[in-house]
Colleague: 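Starting off with a structure, shown below.
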Amino acid sequence: MRTVLVLNGPNLGRLGSREPDVYGSANLGDLRVLLTEAAPDDVTVDVRQTDDEAELIHWLYEAVDTSTPVVLNPAAFTHYSYALRDAAALVTKAGIPLVEVHISNPHARETFRHTSVVSAVATGVIAGFGFDSYRLALDHIVRLPPAVG
Ligand code: DQA
């Protein structure tokens with residue numbers, strides 16, 4: 001069995017009621033169901049959310065220590081957390097894929113959202129497709145050879 005970590009940053013626990021015009025009306029539980037159904041039988045999808053920067057960083061250490069690929073929605077940390085960026089770099093420098101995802105398209109929103117301090121160390125970035133951003137990221141990861149995916 002392979003595992004993919006799907007890590008979500010601050011305020012994403014409020015999906016469903018948070019700005020539904022931007023993020024839709026589905027919640028994290030719906031995302032978990034969607035990704036579990038989308039994953040091949042031999043892949044476990046571990047969907048987590050935290051508002052705590054340190055916890056998110058520690059989950060990235062866990063990814064390094066267990067060689068587990070990551071789908072990461074850093075939420076607002078995307079735009080300013082060099083600490084999270086450095087932890088994400090630990091993952092990709094170890095040869096483990098980390099796909100940055102966003103539900104919305106940050107480039108079509110406020111100027112402060114146009115910068116991601118994480119993207120440069122991510123394997124790739126998918127944004128603007130709603131929950132499909134996660135599904136596309138998962139799809140990429142599960143196609144990789146088992147050693148890295
Ligand atoms: C987000 C975009 C970020 O700018 C924002 O702070 C979020 C969610 C997205 O998924 O579209 O919390 O990462």
Side-chain angles (χ1 to χ4, degrees), residues 2-40 43-64 66 68-94 96-144 148-149:
R2 292 181 286 162
T3 298
V4 178
L5 280 174
V6 179
L7 305 181
N8 293 278
N11 304 308
L12 292 172
R14 291 281 165 159
L15 285 175
S17 58
R18 175 192 179 200
E19 299 184 72
D21 51 318
V22 177
Y23 299 113
S25 54
N27 61 32
L28 266 191
D30 298 322
L31 178 66
R32 191 170 284 115
V33 169
L34 180 149
L35 294 179
T36 301
E37 286 177 357
V43 173
T44 300
V45 182
D46 186 350
V47 179
R48 305 181 190 176
Q49 188 275 329
T50 183
D51 299 324
D52 182 340
E53 190 178 21
E55 187 167 34
L56 199 48
I57 287 167
H58 290 153
W59 286 344
L60 292 176
Y61 294 167
E62 181 185 329
V64 173
T66 58
T68 304
V70 178
V71 177
L72 173 65
N73 185 343
F77 291 148
T78 306
H79 311 302
Y80 66 90
S81 175
Y82 297 118
L84 187 68
R85 173 205 167 103
D86 286 350
L90 285 177
V91 177
T92 51
K93 298 267 188 213
I96 301 161
L98 180 150
V99 183
E100 177 186 343
V101 300
H102 300 281
I103 298 164
S104 67
N105 175 1
H107 299 284
R109 301 180 62 196
E110 302 97 318
T111 311
F112 77 87
R113 297 186 202 275
H114 298 182
T115 298
S116 168
V117 300
V118 176
S119 295
V121 299
T123 309
V125 183
I126 302 172
F129 299 105
F131 280 2
D132 260 351
S133 295
Y134 294 85
R135 201 201 319 238
L136 291 163
L138 179 65
D139 193 47
H140 165 75
I141 286 171
V142 300
R143 284 164 194 273
L144 297 169
V148 289

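When a ligand or atom number is given, it counts from 1 through the structure's own listing order. Owing to the predicted nature of the structure, the values given are computational and were not obtained by experimental measurement.
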Colleague: Any non-hydrogen side-chain atom of Leu72 less than 4.5 Å from a side-chain atom of Val91?
Modeller: no

Colleague: With the threshold set at 4.0 Å, does a side-chain nitrogen-carboxylate oxygen contact exist between Asp139 and Arg135?
Modeller: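 So Asp139 does not pair with Arg135 through a salt bridge.
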
Colleague: Could you pull out all residues at least two apart from Phe129 that satisfy ring-ring contact (aromatic ring centres under 6.0 Å, His included)?
Modeller: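 Listed in chain order: nothing, the list is empty.
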
Colleague: Can you confirm whether Leu31 sits close enough to Leu15 that some side-chain heavy atom of one is under 4.5 Å from a side-chain heavy atom of the other?
Modeller: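 The answer is no; the side chains never approach within 4.5 Å.
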
Colleague: Check whether more than 12 heavy atoms from other residues, nucleotides or ligands sit under 6.0 Å from atom CZ of Arg48, and answer yes or no.
Modeller: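 It does: Arg48 CZ has more than 12 such atoms within range.
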
Colleague: List below, pair by pair, the N or O atoms of ligand 1 and of the protein that are less than 3.5 Å apart, including the distance to 0.1 Å; reply 'none' if no pair qualifies.
Modeller:
from     : atom 1 : to     : atom 2 : distance (Å)
ligand 1 : 4 (O)  : His79  : NE2    : 2.7
ligand 1 : 4 (O)  : Arg113 : NH1    : 2.9
ligand 1 : 6 (O)  : Ala76  : N      : 3.2
ligand 1 : 6 (O)  : Arg113 : NH1    : 3.1
ligand 1 : 10 (O) : Asn73  : ND2    : 2.8
ligand 1 : 10 (O) : Ile103 : N      : 2.7
ligand 1 : 11 (O) : Ile103 : N      : 3.3
ligand 1 : 11 (O) : Ser104 : N      : 2.8
ligand 1 : 11 (O) : Ser104 : OG     : 2.6
ligand 1 : 12 (O) : Arg18  : NH1    : 3.1
ligand 1 : 12 (O) : Arg18  : NH2    : 3.0
ligand 1 : 13 (O) : Asn73  : OD1    : 2.8
ligand 1 : 13 (O) : His102 : ND1    : 2.8

Colleague: Around Phe112, counting heavy atoms of other residues, nucleotides and ligands shown, do more than 12 lie under 6.0 Å from its CZ?
Modeller: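 Enclosed: over 12 neighbouring heavy atoms sit under 6.0 Å from CZ of Phe112.
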
